[in-house]
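Nothing here was measured: the structure is a model prediction, and the numbers come from that model.
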Amino acid sequence: MTSPVFRGRPRRAGSHLSVRVAHAVVGGAAGVVWLVLPGMTTGTDTPVAITRSTSVVAAPPQDPTDTADLVLPLLAVGAAGALAGYGYLRRVRRARDRTTPGGTAGVPPPAGSVPPSAELDERAGAALVAADDRIRSARTELDFTRARFGEEAVAPFARALEDAEAEAAAAFRMRQRYDEGIPEEPAARRHALAGIIGRCEEAGRRLDAVAGDFGRLRGLEEGVGEALVVAEGRFRELTGRTAAAQSLLAGLRARYAATASAAVAGNVEQAKDRLVFATDRLNRARQEDDSGRLAAAARHLRAAEGAIAQAAVLVEGVERLAAELREAEAMIPAVLTGAEAELASARGPAGSEGEAFSRLPHADAVLASVRHELTEGRPHDPVGVLRRIVRATVPPASARTGVVATAAHLVARSATAATADFVTTHRAAVDAPARTRLVEARRLLAGDAPRADTLALEARELAEQDVRVRGNPFTAAGSGALGTGPTAGTAGAVLGGLLPPDDPEDGAPTGFAAPTAPPADPE
């Protein structure tokens, strides 16, 4: 409800404006009367006597028709001024009613009207997150179903998922351009946001179109026995890999600088947390299946599959990073030599001017610093070293192929993969900006590795900030700390987007089927 103070201001302003216009009209009319009055009151040519003793030069006789001729034009001017003032006053009042409290601004917009840009922006972000989460869950479902039925059986659903991914990728691309200020016009920007929402909805429709057939292929409503065997097999295999990843991570910490393994520092602990959750849900799925509560068994199985898939992402992140560090370490000497050759080329006659030439002193300093650190023999971060070399030399090397370009691709690939793992395993707290930068980094990976690396690092920073600020949706609801709660590991599963935070025990995971209320089991 609008405050009386604010409701009063427009009326006072309007009354002041009315007084000003009225004064102007009255003043104009008085001027007209003052000019016309002599002609209207002088009916004879006889001069009027002046009784004061001041000497005055007599004016020549005046033709009364001269003054009479001025009456109509002056009256027309006065009337026009009055009409203009009245029209101006009405326009001001209409504008005030549209834009100030007490006018129509406080009235909800009619149905079908264009929402404000801020609201549309928020809707577009939420649509991107929802579409991305559903696609990730559907990818997990498809993977387990493929392991059970084979590639040929899941081919139609794989195509539908690819179509949904293409729609989401187009939406993310539109969002990236929007964040870069393209387009600039407000109307065009609103149209872009509406287009993002439309693309996300189309991605959902692609999955909706095959959700029924996919559910019938899985047949979980008829029993989870065979699907449970597949999930338990993956669980056992992953349990052994998790123990090996823990030893591998310890070796990375001993061999390299702390920054080298920082991106996967918590991966093993999180993988164990997901496996604890999966253990509980696999057991509950079997118990519910034996008791004939098939809908509950299906829900528990799908939650366990999601946890197993995320545990695999976390373990694979450690394994992949170890391989990247070995590759980067072996590449450093050749990249240093290649970078020096690039800088020497920039010093030649063809490159003795422009931005590349101006960056040479900085590039020389970076390469000298890298050589000094390597000579000292202290633990270092091989991927980080390559990143420093690439960033120092990328302007002269950007349009060429060779060892520096290969290093740039390795660095960008490492950053993009690590960020993708983090978003996947924390997606309940990660908002649209981080996901948008990640998708753009993936798109640019093959063509512009330095830019892809920059965007991937920016996406990781944004995602970590989202997790710090928003926290775990499960613990925010007062359900306990990470790794505790109704079921051990439930908080981690909720943070990973495997279960809804408001109903983690009985909520249905998303995927090919849109999120709905869980079906009731017969008593």
Side-chain angles (χ1 to χ4, degrees), residues 176 248-249 252-253 255-265 267 313 316-343 346 355-356 359 362-374 378-424 434 436-464:
Q176 177 65 29
L248 183 59
L249 182 57
L252 297 180
R253 289 168 174 163
R255 179 179 179 85
Y256 301 109
T259 57
S261 58
V264 298
N267 278 31
V313 167
E316 289 166 1
V318 176
E319 297 170 344
R320 183 186 61 248
L321 179 62
E324 291 167 349
L325 289 172
R326 289 193 298 268
E327 183 181 0
E329 188 174 30
M331 191 184 293
I332 287 175
V335 175
L336 271 173
T337 302
E340 290 171 345
E342 293 286 354
L343 298 181
E355 179 186 358
R359 292 173 60 93
H362 171 72
D364 289 336
V366 170
L367 298 187
S369 175
V370 168
R371 285 195 178 278
H372 177 71
E373 291 175 10
L374 297 178
R378 293 181 299 177
H380 60 279
D381 175 1
V383 174
V385 168
L386 288 185
R387 178 174 286 115
R388 290 164 60 192
I389 298 173
V390 169
R391 288 185 173 181
T393 59
V394 72
S398 58
R400 302 171 185 170
T401 58
V403 67
V404 176
T406 302
H409 187 268
L410 187 155
V411 168
R413 188 182 73 229
S414 177
T416 303
T419 300
D421 291 350
F422 186 87
V423 172
T424 296
T436 301
R437 304 300 180 271
L438 173 60
V439 172
E440 184 69 2
R442 283 173 163 169
R443 189 184 72 84
L444 295 174
L445 191 56
D448 189 351
R451 175 63 175 158
D453 180 55
T454 299
L455 285 170
L457 294 178
E458 181 182 346
R460 178 63 180 258
E461 182 178 354
L462 289 170
E464 291 178 345

**Message:** So, taking the atom named NE2 in H409 and the one named CG in D448, what distance separates them when rounded to the nearest 0.5 Å?
**Reply:** 11.5 Å

**Message:** If you compare all heavy atoms of L252 against all heavy atoms of V318, which two are closest, and at what distance to 0.1 Å?
**Reply:** CD1-O, 4.5 Å

**Prompt:** Between T406 and G402, is there a donor-acceptor pair closer than 3.5 Å when you use the side chain of the first and the backbone of the second?
**Reply:** yes

Residues 321-334 side chain polar contacts: donor-acceptor under 3.5 Å, at least two apart:
from	atom 1	to	atom 2	distance (Å)
E324	OE1	S414	OG	2.8
E327	OE1	R413	NH2	3.3
E329	OE1	R255	NH2	3.1
E329	OE1	Y256	OH	3.0
E329	OE2	R255	NH2	3.4

**Asked** Hey, are E373 and R388 close enough for a salt bridge, meaning a charged N less than 4.0 Å from a carboxylate O?
**Response** yes

**Message:** If you define the side chain from C-beta out and look only at heavy atoms, does anything of L444 sit under 4.5 Å from E440?
**Reply:** yes

May I have the list of side-chain donor-acceptor pairs in residues 378-385 shorter than 3.5 Å, sequence neighbours left out?
from	atom 1	to	atom 2	distance (Å)
R378	NE	E376	OE1	2.9
R378	NH2	E376	OE1	2.8
D381	OD1	V383	N	3.3
D381	OD1	G384	N	3.2
D381	OD2	T259	OG1	3.4

**Complete:** CD (E458) and CG (D453) are apart, to the nearest 0.5 Å, by 11.5 Å

**Asked** Backbone N or O of A441 within a donor-acceptor pair of the T416 side chain at under 3.5 Å?
**Response** no

**Item:** Point-to-point distance, once rounded to the nearest 0.5 Å, from CD of E319 to CG of L248
**Value:** 7.0 Å

**Prompt:** With no hydrogens and no angle check, is any side-chain donor or acceptor of R460 less than 3.5 Å from a backbone partner on L438?
**Reply:** no

**Complete:** To the nearest 0.5 Å, atom CG of L367 lies from atom NE2 of H362 at 9.0 Å

**Item:** Minimum heavy-atom distance G317-D421, with the two atoms named
**Value:** CA-OD2, 3.6 Å

**Prompt:** OG1/T419 to CZ/R442 distance, rounded to the nearest 0.5 angstrom?
**Reply:** 9.5 Å

**Asked** In Å, rounded to the nearest 0.5 Å, how long is the span from CZ of R437 to OG1 of T454?
**Response** 12.5 Å

